[in-house]
Every structure is written in structure tokens, then in C-alpha cells.
Amino acid sequence: MVDNATRLHYLAAMGIDVWMSKAALPESQPLVAEQTPTITPENWQSLQAEVAECKACGLCETRKNTVFGAGNQQAEWLFIGEGPGQHEDEQGEPFVGKAGLLLTEMIRAMGLAREEVFITNIVKCRPPDNRDPHKDEISACQPYLQRQIQLIQPKIILAVGRIAAQTLLATDAPVSRLRGQVHQLNNIPLVVVYHPAYLLRSLLEKRKAWQDLQLAMQTLDRVST
Ligand code: URA
């Protein structure tokens with residue numbers, strides 16, 4: 001765990017003034033997403049091996065590496081982004097580029113270490129030229145994410161950015177409407193947060209991102225007590 005002074009330091013690095021009023025946070029408005037089919041629990045390594053060999057969609061032809069995800073397999077926190085970019089594709093690790101550095105700062109600002117949480121993506125292979133993943137690519141990859149969720153059994157999910165939020169909640173609504181409330185994904189609370197790549201371009205939204213992270217922290221406190 002990170003002490004308060006360190007947390008304030010990371011918040012300052014994110015360009016965020018600390019703002020702690022719980023009263024200003026919106027009330028939870030649960031929204032139930034489609035149920036995922038029940039899958040028998042599988043060994044983590046065999047799932048990893050399956051992803052590494054995957055040829056279920058065309059992204060396998062242009063990828064350098066699959067990006068399974070990284071972190072604690074028994075994490076309370078599951079962060080789900082969109083898909084690997086160039087650096088992630090080269091290194092086989094999620095969120096290692098500029099956006100990844102900001103995500104790491106956001107995690108630290110929450111008093112957590114990156115190794116304590118699990119970070120993965122909606123699609124495990126890089127869409128060429130960093131385009132959005134297509135619907136068929138998302139569908140082909142979805143069983144892997146479902147199994148990751150079943151194996152990790154996180155206490156809370158953070159949908160990082162539009163593609164993750166819209167896919168997980170089966171909606172076309174913009175992030176501006178999905179953030180600021182607690183959704184449910186198969187009885188797991190889910191909070192939507194702006195993607196760090198977007199925050200790097202829209203510094204004014206960082207405050208809202210911090211409010212969403214606080215909402216997630218409060219939600220986890222509620223479900224853990
Ligand atoms: N953006 C994402 O959504 N995921 C990554 O792993 C890297 C950048």
C-alpha cells in the first residue's frame with residue numbers, strides 16, 4: 001500500500017488537485033449487462049497458452065505478440081482496456097506505452113501497486129494502425145476475457161475507455177454518460193473511467209477520472225464490508 005504523501009505526489013503528477021467530497025459523488029445506478037455463459041474453471045496457464053496460439057480472427061496475421069494481461073491472478077481489481085497498441089504488441093504486456101504510464105500513476109494514486117491489480121484488454125492482439133477493434137474481432141476474443149473474469153473473480157471491474165465500456169455493458173452510449181455510476185457485470189460492480197490516452201489529450205477531464213476512481217474505491221469498500 002502507498003502512504004498518503006506518496007499518493008498526493010502521484011495525484012499531483014496526474015495534474016489533479018485532491019478533492020474528497022463523497023457527497024458530490026453520484027448515487028449508484030446498477031445496470032445489468034448480458035449474462036456470460038457458465039464455463040468450467042480452467043487452469044490459468046492453459047488459458048494463456050490458448051491465447052498465445054489464437055487464430056480466431058484476422059488480427060493474428062499482423063500481431064507480433066498476443067497480450068494476455070498482467071498482474072495478480074487473484075486481484076480484487078480488474079482493469080480492462082481496449083486492445084494492445086504498438087508498444088504492447090512489441091512487448092506482449094498491456095499498457096506499457098505513454099497511456100500505460102498514466103494508468104500506472106492512476107493505480108498508484110488509488111494507493112495500489114500495478115502488481116496488485118490485473119490489467120487486460122477487450123482484444124488480446126493489436127488492431128493494425130491502432131484502429132478500433134471490429135465487432136467480429138471483439139466477439140472472437142470475448143470468451144478469453146470471460147474466462148479471465150471467472151478465474152480471477154475480481155471484486156470490482158474498471159472499464160478503461162469507450163471500447164471497453166461499450167463492449168462490457170453492451171451499449172452504444174458515450175463514456176460521458178456511462179461514467180460516474182456503478183454498473184454491474186454478472187453481479188460484479190463495474191465503473192467506467194476515461195481512457196488514459198484520452199486523458200493525455202484532454203487534461204481537463206482528469207478531475208472526472210479521479211472522481212471515477214474514487215467512486216470505484218468507495219464501491220469496493222462497500223462490497224468488502
Ligand atoms: N490502450 C489500451 O486500451 N490497452 C493497452 O494495453 C494499451 C493501450
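Both ligands and their constituent atoms are indexed starting at 1 by order of listing.
For the side-chain contact (heavy atoms from CB on, under 4.5 Å) with Ile119, the lone residue among Ile107, Ile80, Leu78, Leu158 that qualifies is Ile107.
Contact atoms of ligand 1 toward Gly81: 3 (O) (distance under 4.0 Å to a heavy atom of the residue). Contact atoms of ligand 1 toward Pro94: 6 (O) (distance under 4.0 Å to a heavy atom of the residue).
When heavy-atom distances to ligand 1 are checked against a 4.0 Å cut-off, Glu82 comes that close through both its backbone and its side chain.
The pair Glu88-Arg63 does not count as a salt bridge, with every side-chain nitrogen at least 4.0 angstrom from each carboxylate oxygen. Using a cut-off of 4.0 Å between Lys/Arg side-chain N and Asp/Glu carboxylate O, Arg179 and Asp212 are scored as salt-bridged. Salt-bridge formation is not detected for the pair Arg108/Glu105: no Lys NZ or Arg NE/NH1/NH2 atom is positioned less than 4.0 Å from an Asp or Glu carboxylate oxygen. Salt-bridge check for Arg162 with Glu82: failed, with every basic side-chain N at 4.0 Å or more from each acidic carboxylate O.
Scanning all protein heavy atoms for the shortest distance to atom 1 (N) of ligand 1 gives His195 NE2, 3.2 Å. Asn121 OD1, 2.8 Å is the protein heavy atom nearest to atom 4 (N) of ligand 1. Scanning all protein heavy atoms for the shortest distance to atom 5 (C) of ligand 1 gives Gly83 O, 3.4 Å.
Lys124 and Thr120 share a side-chain donor-acceptor pair at under 3.5 Å.
No close placement of the Trp44 and Tyr144 rings is indicated, their centers lying 6.0 Å or farther apart.
At least one N or O atom of Phe95, backbone or side chain, sits closer than 3.5 Å to an N or O atom of ligand 1.
Between His87 and ligand 1 there is no heavy-atom distance shorter than 4.0 Å. Under a 4.0 angstrom heavy-atom cut-off, Ala99 registers as lying outside contact with ligand 1.
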